[in-house]
Amino acid sequence: MRVVKYEDIVKAIRDMIIYSTTHLAPDMKKALEEAYKNEKSEVSKAVLKQILDNAKIAEEEWKPLCQDTGLAIFFVKVGEDVKVEGGSLKDAIYEGTEKGYKEGYLRASTCDCFTRANLKDKIGYNLPPVIYFDIVPGDKIEIEYAAKGGGSENVSRATVLAPAAGKKGIIEFVKKVISDAGPNPCPPLVVGVGIGGSFDYAAVMSKHALFRDIGTKNPDPELAELEEEIKKECNKLGIGAMGMGGTETVLAVHIETFQPGRMCHIASLPVAVNVQCHSSRHAHITI
Amino acid sequence: MAEYKLRTPLRNEDVEKLKAGDIVYLSGVVYTARDAAHKRLVDLINEGKELPFDLEGAVIYYVGPTPPKPGEVIGSAGPTTSYRMDPYAPILIERGLKGMIGKGKRNKEVIEACKKHKAVYFGAVGGAAALIAKAIKSAEVIAYPELGPEAIRKLEVEDFPVVVVNDCYGNDLYEEGRKKWEQQ
Ligand code: SF4
């Protein structure tokens with residue numbers, strides 16, 4: 001049984017948060033540079049230039065890319081042969097999150113659903129995070145982290161389609177979500193689509209799909225094709241950067257299905273769409 | 001698409017020359033306020049009390065910045081989504097507010113108020129928060145410090161880059177821009 005120290009996890013998470021909220025994810029940077037080259041609308045091009053300049057300033061000054069430093073989202077895969085010494089893994093993630101947000105001068109954005117009071121004194125600075133745990137073979141701990149802002153979460157949607165709706169229904173649903181969202185989620189966007197599983201799990205997959213590097217192909221050729229088709233359809237909407245009109249609205253569509261077997265119930269076709277703004281802040285570490 | 005440099009407070013002549021899609025570099029004083037501060041301002045108006053700043057020609061920026069590091073004027077300070085301020089904006093426009101800076105769509109009432117009283121809604125680039133912070137030269141809390149990031153701040157800005165989304169003629173860049181680039 002491999003042993004990992006509690007403090008090492010806290011530090012790794014703290015560092016990952018401070019780095020990734022000030023350094024635009026390299027795949028997003030590349031995709032935005034590409035969009036800047038291809039954008040045909042003058043206004044949207046000017047917006048893309050500001051977004052790229054912003055990334056440069058943020059990186060040089062270690063200043064948050066966006067003031068909405070989000071909820072902290074974690075997908076954690078824990079090896080069956082690894083043990084945390086000195087505390088629990090969950091506590092380490094909480095502590096690392098609080099340290100990262102506080103010491104990185106990031107915004108505390110968690111609040112009580114009803115009173116809307118900030119939770120920073122009652123629960124902790126930007127706590128609690130949202131964590132999905134999975135147990136896998138091996139002796140490593142893999143942690144994926146994203147800072148997920150409110151603007152793009154607010155327009156994300158989930159539904160359960162009738163099986164007969166098929167691919168056509170999926171394309172229409174995603175297109176409608178992006179169309180209704182318009183300027184609000186800060187386009188250009190990456191669109192995570194979770195298909196199958198159960199109602200709730202489709203949403204989880206749509207969020208996890210956002211961790212895939214932009215520019216990588218879906219290993220399932222049929223889904224790779226569907227991703228391209230959805231992207232093409234969404235870009236016909238003409239929303240453009242920050243909704244000001246243009247050709248580059250969706251930079252990539254990432255589909256995730258329930259494995260094995262791209263499973264869902266014989267009676268349903270769950271579909272969820274999680275929207276990611278251009279300020280993509282995610283990171284991945286293996287301990 | 002024209003480009004202008006403007007200084008606050010804005011006058012009717014300033015607002016009248018702006019068209020949806022124009023790029024503007026704003027300098028001068030800009031006040032920050034989000035939902036909670038807006039509610040208090042409107043309550044003061046309804047009670048006939050004095051406001052913490054002069055609305056005549058004023059520009060309000062919808063922002064909740066990150067905490068500043070020691071020595072910094074302000075943290076990262078990009079725009080927040082504007083629709084949360086829609087219920088309050090028309091009352092402030094009626095009282096002299098000339099400009100609002102945020103991101104995302106406004107409702108009919110706000111667009112109508114801009115037409116009727118000559119005001120303009122500017123879009124700043126969401127997520128360009130480190131870049132916008134560079135345009136902010138000073139920041140001072142002038143009301144409601146207990147609201148934290150939502151307190152009203154008086155900002156001195158220099159060449160703050162914004163785009164006209166809703167002008168005083170009823171044009172809407174979000175609709176027009178999209179129509180122009182939409183493919184059937
Ligand atoms: S949607 Fe993204 S870029 Fe826009 S304000 Fe929210 S976190 Fe920032």
Side-chain angles (χ1 to χ4, degrees), chain A residues 21-22 24 40-44 46-51 53-69 102 104-109 116 118 120 149-151 154 179 181-187 235-247 249 277-279, chain B residues 1 3 20-23 32 35-36 62-70 72 74-84 102-106 123-135 147-150 161-165 172-184:
Chain A
T21 48
T22 51
L24 188 62
K40 297 194 179 62
S41 139
E42 231 180 306
V43 189
S44 276
V47 169
L48 286 165
K49 169 98 186 11
Q50 269 195 44
I51 292 172
D53 287 349
N54 182 67
K56 217 168 140 230
I57 295 168
E59 193 177 311
E60 281 165 13
E61 299 183 7
W62 285 66
K63 196 160 176 140
L65 286 151
C66 181
Q67 78 290 340
D68 187 350
T69 46
K102 235 190 200 158
Y105 293 91
L106 308 179
R107 202 176 74 182
S109 307
R116 310 304 296 177
N118 199 290
K120 65 178 190 288
N154 289 349
S179 175
N184 291 21
C186 295
N235 280 328
K236 282 185 186 167
L237 291 166
I239 294 169
M242 286 314 294
M244 292 178 181
T247 52
T249 310
C277 59
H278 66 74
S279 197
Chain B
M1 187 179 94
E3 264 188 47
D22 289 348
I23 292 177
T32 73
D35 345 11
Y62 305 148
V63 60
T66 56
K69 287 183 199 155
E72 273 183 348
I74 199 161
S76 290
T80 190
T81 312
S82 306
Y83 70 84
R84 296 195 314 272
K103 69 166 178 107
K105 294 176 255 192
R106 307 310 302 265
V125 175
L131 179 134
I132 292 170
K134 276 213 171 306
L147 293 180
E150 300 210 31
V162 293
V163 178
V164 179
V165 173
D172 184 340
L173 176 64
Y174 292 142
E175 273 184 20
E176 284 153 31
R178 193 164 158 172
K179 240 186 250 149
K180 190 165 155 200
W181 295 98
E182 197 175 23
Q183 299 164 42
Q184 294 312 321

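Side-chain atoms are counted along with the backbone in the values below, which use heavy atoms only and exclude waters and symmetry mates. A note on names: the letters A, B, ... follow the listed sequences, proteins ahead of strands, and every chain is numbered from 1.
Counting only heavy atoms from C-beta outward, the side chains of B/Tyr83 and A/Asn184 approach each other to under 4.5 Å. The shortest side-chain heavy-atom distance between B/Leu173 and B/Val164 does not fall under the 4.5 Å cut-off. Put simply, the side chain of A/Leu65 reaches to within 4.5 Å of the side chain of A/Asn54, judged on heavy atoms. Counting only heavy atoms from C-beta outward, the side chains of A/Trp62 and B/Lys69 approach each other to under 4.5 Å.
Of all heavy-atom pairs spanning A/Ala108 and A/Asn118, the tightest one is O-ND2, 3.0 Å. Here the closest heavy-atom approach between residue A/His278 and residue B/Gly127 is recorded as CE1-CA, 3.9 Å. Between A/Met242 and A/Pro183, the closest heavy-atom pair is O-CB, 3.5 Å.
Among the candidates A/Gly243, A/Cys277, A/Ser279, the residue making the largest number of heavy-atom pairs closer than 4.5 Å to chain B is A/Gly243. Ranked by non-hydrogen atom pairs under 4.5 Å with chain A, the options B/Gly104, B/Pro79, B/Ala20, B/Pro67 are led by B/Pro67. Chosen from B/Gly177, B/Pro65, B/Ser76, the residue pairing most often with chain A at heavy-atom distances under 4.5 Å is B/Ser76. Of the listed residues A/Ala55, A/Ser44, A/Ser41, the one with more heavy-atom pairs under 4.5 angstrom with chain B than any other is A/Ser41. Ranked by non-hydrogen atom pairs under 4.5 Å with chain B, the options A/Gly149, A/Gly150, A/Gly246 are led by A/Gly246. The greatest number of non-hydrogen atom pairs below 4.5 Å with chain A, out of B/Arg178, B/Gln183, B/Lys105, is found for B/Arg178. For the set A/Thr22, A/Thr247, A/Asp68, A/Leu106, the entry with the most heavy-atom pairs within less than 4.5 Å of chain B is A/Leu106. Most heavy-atom pairs under 4.5 Å with chain A: of the set B/Gly21, B/Gly123, B/Gly64, this distinction falls to B/Gly64.
Looking at B/Lys180, there are no atoms closer than 4.5 Å to chain A (heavy atoms on both sides), in backbone or side chain. Looking at B/Ala133, the atoms closer than 4.5 Å to chain A (heavy atoms on both sides) all sit in the side chain, from C-beta outward. For A/Asn154, the part lying near chain B is the side chain, with the backbone staying farther off; criterion is any non-hydrogen pair under 4.5 Å. Using a 4.5 Å cut-off between heavy atoms, A/Ala181 contacts chain B through its backbone alone, with no side-chain atom that close. Only the side chain of B/Glu72 comes within contact range of chain A, judged by heavy atoms closer than 4.5 Å. Proximity to chain A (any heavy atom under 4.5 Å) is restricted, for B/Pro68, to the backbone atoms N, CA, C and O. Proximity to chain B involves both the backbone and the side chain of A/Leu237, based on heavy atoms less than 4.5 angstrom apart. Interface remark: B/Ala77 contributes backbone atoms only to the contact with chain A (heavy atom separation under 4.5 Å). Proximity to chain B (any heavy atom under 4.5 Å) is shown, for A/Lys56, by neither the backbone nor the side chain. Heavy atoms closer than 4.5 Å to chain B are found nowhere in A/Thr21, neither backbone nor side chain.
Remark: A/Glu61 engages B/Lys134 in a salt bridge, criterion side-chain N to carboxylate O under 4.0 Å.
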Check: Can you check side-chain contact (heavy atoms from CB on, under 4.5 Å) on A/Lys40 and B/Trp181, steps first, answer last?
Finding: CA-CA 9 Å; A/Lys40 297 194 179 62; B/Trp181 295 98; 3.6 Å; yes
Next item on the list: Any chance you could lay out the side-chain contact (heavy atoms from CB on, under 4.5 Å) test for B/Val163 and A/Met244, step after step, and finish with the verdict?
Entry: CA-CA 9 Å; B/Val163 178; A/Met244 292 178 181; 3.8 Å; yes
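For A/Lys49, the NZ atom is loosely surrounded, since the number of other residues' heavy atoms within 6.0 Å does not exceed 12.
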